[in-house]
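Below: the structure, in structure tokens.
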Amino acid sequence: MPFITPSFLDLLRDKIAVSDIVGRRVRLIKKGDEFLGLCPFHHEKTPSFTINDSKGFYHCFGCGAHGDIVRYLMEAEKMPFREAVEYLAHRAGIPMPKSSAEEVHLQERRNNLTTIMEEACHFFHMNLFGDIGASARAYLIKRGITSTVARQFRLGYAPSGSALTAHLEAKGFNLKQCQALGLIAEGRDGRGFHDYFYDRVMFPILDRRKKVIGFGGRMMAKGEPKYLNSPETELFHKGDTLYALPHALETMRKTNNTILVEGYMDVIALHSAGFTNAVAPLGTALTEAQIKILWQSTDEPIICFDGDAAGQKASYRALHRALPHLTPGKSLRFVFLPSPFDPDDMIRKKSPEAFRQALAESQSFITTLWQYLLSEHQIDTPERLAKLEEDALHLVNSIQNTITRSYYTKEIKDRLWHLTHQASKRRKTTTKVLPVHSPTPGLLDAKTILAYFVSYPEVASSFLEDIDKMFIPERELADLRQKISSLLLKKPEITSSELKILLEDKDILLLKNELAILEKSSRTLRDVQHELAELLEATRVQTIQAEISSLTQEYLTTGNSEIWERILTLKKEIEKRSESE
């Protein structure tokens with residue numbers, strides 16, 4: 001990579017006026033030797049943003065933003081430094097500085113390695129759409145991925161055997177280089193090579209230039225690991241890369257918004273549903289480098305991992321990793337999906353709107369940090385409260401930026417004061433009976449569960465006890481639940497057709513959309529058994545989580561120790577359910 005000298009930057013500044021670049025998105029008015037407009041860095045109604053082309057800088061008297069043309073692109077357009085310089089050089093018609101002989105050699109080598117990776121990607125892609133990829137295509141269709149989306153993300157299929165090794169050798173590529181790229185591996189006896197990936201759906205991993213630098217592979221058959229990534233190579237470093245970044249970058253910059261999810265399928269499902277700012281780490285815990293990549297394009301990326309216990313732990317690990325690096329304006333937000341949903345499930349089994357609503361309810365960093373601290377500490381004695389304070393302030397002291405650290409310290413102390421002093425003032429002396437709530441599904445889940453019972457009564461009859469325990473607040477659905485339950489008890493061997501005849505037209509109309517979805521799908525009875533069990537379990541967990549949330553608010557108000565004990569009991573119940581899955 002050639003060194004960009006100060007004189008080259010000066011040349012760019014001389015060739016391009018700041019107002020030319022800023023004027024693309026800010027309406028500017030000429031005022032003497034300067035331009036005036038509304039600041040792009042903060043909301044304002046009266047213009048306080050000025051540009052002086054002769055001096056080559058912009059300045060906002062409202063928020064203090066100040067810099068030259070390069071800084072503007074980095075701050076307003078969220079471009080990394082080198083990308084900003086390359087953009088300006090192209091716009092000015094000036095070639096970038098030439099590389100040294102050593103740099104040229106290294107770039108040629110890198111180009112050669114990239115060519116090999118591109119050829120492997122093409123090989124996998126052609127396999128997916130050939131006869132050999134039929135099972136892989138069927139899997140993708142089952143997951144809701146169309147051929148258009150598969151082509152957009154350049155998905156592929158790695159067959160069993162050593163087909164890729166033979167293909168690359170036939171193309172004349174150096175097999176040692178292919179091995180170094182993690183495409184093939186040497187045989188155990190040291191003789192010959194075989195493919196590194198086999199019988200897997202392949203997800204190409206691209207750099208910012210949309211060049212293939214690595215792969216992720218999802219195993220088609222049963223076995224471990226289910227997902228396999230390329231090893232670390234000269235081109236590919238997992239901790240410095242985000243899946244689908246080049247696909248998401250434009251939306252990230254335009255909206256100042258990013259959604260970070262756990263896996264490849266989550267990203268693709270979200271992009272297919274219009275959330276084109278979704279990216280993912282590569283099978284590892286979120287790294288500092290990845291957080292900094294997110295912050296280059298977004299001020300407050302949203303972390304939205306899976307809704308199970310493992311996803312929550314991953315979110316808290318991301319919180320710990322980011323905490324020391326928080327700076328003014330740079331933070332994270334968190335979304336905790338209902339268990340056991342992941343983003344892909346939310347899109348396919350609920351709706352894009354349900355996921356959008358979950359994003360709208362994202363939590364701030366400080367709220368999530370406080371939630372984590374309360375989940376890790378009992379606070380029913382002075383000693384335990386002191387431990388909470390000690391641990392909280394220890395975490396906050398890791399924040400490197402002094403301004404951000406001071407605000408977090410104040411916020412934590414305020415919350416501690418409220419927890420100890422305000423709660424004690426309103427502490428109730430009476431004992432409160434805390435009921436166990438019945439499972440309460442939402443409207444959509446209730447309809448889906450009843451539709452399963454109507455469409456597959458031979459499976460649903462084994463879940464009668466579960467459905468009878470449910471509390472369904474919608475009167476019509478509650479009545480329909482009672483009718484279905486009674487019919488199944490009277491005639492356990494009843495068929496779906498018979499059940500539909502015995503129900504009234506208005507009952508069928510209530511479940512019209514849900515029944516239509518089930519009729520169009522090809523499910524085995526085993527699939528139905530599994531899906532219905534998952535849906536009922538998710539309803540139970542959601543009910544428990546809602547009760548925890550309600551009790552937590554009550555505890556913060558009253559300080560009643562019995563409420564806290566109830567919260568702990570419910571949390572343990574969720575943990576047991578997660579462990580038993």
Side-chain angles (χ1 to χ4, degrees), residues 110-175 177-185 193-221 226-231 233 235-236 238 241-249 263-272 276 278-280 282-283 344:
R110 187 179 178 89
N111 290 342
N112 184 48
L113 296 178
T114 301
T115 300
I116 296 174
M117 296 298 282
E118 290 287 336
E119 182 61 37
C121 181
H122 177 73
F123 173 80
F124 293 141
H125 191 65
M126 297 303 292
N127 281 337
L128 177 64
F129 291 99
D131 293 339
I132 199 171
S135 61
R137 291 198 303 276
Y139 167 77
L140 292 174
I141 291 170
K142 184 178 178 182
R143 296 295 299 267
I145 298 177
T146 64
S147 60
T148 300
V149 174
R151 286 186 167 89
Q152 177 189 352
F153 284 88
R154 302 175 66 183
L155 304 188
Y157 173 66
S160 299
S162 296
L164 176 63
T165 303
H167 176 80
L168 294 174
E169 188 171 25
K171 288 286 183 178
F173 292 114
N174 184 309
L175 293 187
Q177 283 189 324
C178 297
Q179 180 187 15
L181 289 169
L183 295 172
I184 64 177
F193 294 93
H194 59 83
D195 291 0
Y196 182 76
F197 296 99
Y198 55 89
D199 194 25
R200 291 180 183 269
V201 174
M202 300 299 290
F203 300 84
I205 301 165
L206 314 180
D207 64 13
R208 285 175 178 270
R209 300 173 302 150
K210 295 192 175 182
K211 298 295 184 181
V212 182
I213 57 174
F215 292 95
R218 203 275 186 193
M219 183 174 278
M220 293 294 299
K226 182 186 291 185
Y227 282 93
L228 178 67
N229 284 329
S230 293
T233 70
L235 297 180
F236 179 56
K238 280 188 288 190
T241 308
L242 290 168
Y243 178 66
L245 180 64
H247 295 284
L249 209 48
Y264 304 113
M265 297 301 296
D266 293 322
V267 168
I268 293 173
L270 290 181
H271 277 254
S272 300
T276 54
V279 295
L282 299 167
D344 184 22

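What you see is a predicted model, and the numbers here were worked out from it, not measured in a lab.
- The heavy-atom pair separating Gly216 from Ile205 by the smallest distance is N-CD1, 3.9 Å.
- Here the CD-OG distance, from Gln152 to Ser272, works out to 7.0 Å after rounding to the nearest 0.5 Å.
- Without hydrogens or angle criteria, His125 side chain to Gly156 main chain gives no donor-acceptor distance under 3.5 Å.
- Remark: Tyr198 OH to Ser160 OG distance equals 8.0 Å, nearest 0.5 Å.
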Begin with the C-alpha distance, continue with both residues' side-chain angles, and end with the deciding distance and a verdict on side chain to side chain contact (heavy atoms under 4.5 Å, CB included) for Leu206 and Lys211.
CA-CA 5 Å; Leu206 314 180; Lys211 298 295 184 181; over 6 Å; no
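- Summarising the geometry of Asp266 relative to Asp344, their closest heavy-atom pair is OD1-N, 3.1 Å, with the distance given to 0.1 Å.
- Among pairs with a residue in residues 114-132, those fulfilling salt bridge (charged side-chain N to carboxylate O under 4.0 Å, His left out) read Glu118-Arg154, at least two apart in sequence or across chains.
- At a threshold of 4.5 Å between non-hydrogen side-chain atoms, the residues Tyr196 and Pro231 count as touching.
- Put simply, the side chain of Arg208 never gets that close to the backbone of Leu249: no donor and acceptor are under 3.5 Å apart.
- Distance check, rounded to the nearest 0.5 Å: CD of Gln179 to NE2 of His194 gives 9.0 Å.
- Residues Thr114 and Leu235 meet the side-chain proximity criterion, which asks for heavy atoms closer than 4.5 Å.
- Nearest heavy-atom pair, Ile145 versus Ala150, reported as atom, atom and distance to 0.1 Å: CG2-N, 4.1 Å.
- Of all non-hydrogen atoms in Cys178 and Leu168, the two that sit nearest each other are SG-CD1, 3.7 Å.
- Counting heavy atoms from C-beta on, the side chains of Arg200 and Met220 never come closer than 4.5 Å.
- Put simply, OG1 on Thr241 and CG on Leu245 are 9.0 Å apart, with the number rounded to the nearest 0.5 Å.
- Remark: the backbone N or O of Phe153 is not paired with any side-chain donor or acceptor of His247 at under 3.5 angstrom.
- Checking each of Ile213, Asn174, Leu181, Thr233 against Leu113 for a side-chain contact (heavy atoms from CB on, under 4.5 Å) leaves exactly one that passes, namely Leu181.
- At a threshold of 4.5 Å between non-hydrogen side-chain atoms, the residues Leu228 and Met219 do not count as touching.
- Nearest heavy-atom pair across Tyr157 and Ala136 is CD1-CB, 3.6 Å.
- In this structure, a donor-acceptor pair under 3.5 Å is present between the side chains of Tyr139 and Arg218.
- The environment of NE2 in His122 is sparse: at most 12 heavy-atom neighbours from other residues, nucleotides or ligands sit within 6.0 Å.
- In this structure the side chain of Ser162 never reaches within 4.5 angstrom of the side chain of Leu164, judged on heavy atoms.
- Using a 4.5 Å heavy-atom threshold, the side chains of Met117 and Leu183 count as touching.
- The two residues Asn229 and Phe197 come nearest to each other via the heavy atoms C-CZ, 4.0 Å.
- In this model, a donor atom of one side chain and an acceptor atom of the other lie less than 3.5 Å apart for Thr165 and Asp195.
- Formation of a donor-acceptor pair under 3.5 Å by the Asp207 side chain with backbone atoms of Lys210 is found in this model.
- Side-chain atoms of Ile268 and Leu155, non-hydrogen and from C-beta on, do get closer than 4.5 Å to each other.
- Legend: residues meeting ring-ring contact (aromatic ring centres under 6.0 Å, His included) with Phe215, ordered by chain and number and at least two apart, are Phe124.
- Taking NZ of Lys238 as the reference point, atom CG of Leu282 lies at 8.0 Å (rounded to 0.5 Å).
- How far CD of Gln177 is from CG of Leu175: 10.0 Å, rounded to the nearest 0.5 Å.
- Within a 6.0 Å radius of OH in Tyr227, more than 12 heavy atoms belonging to other residues, nucleotides or ligands are found.
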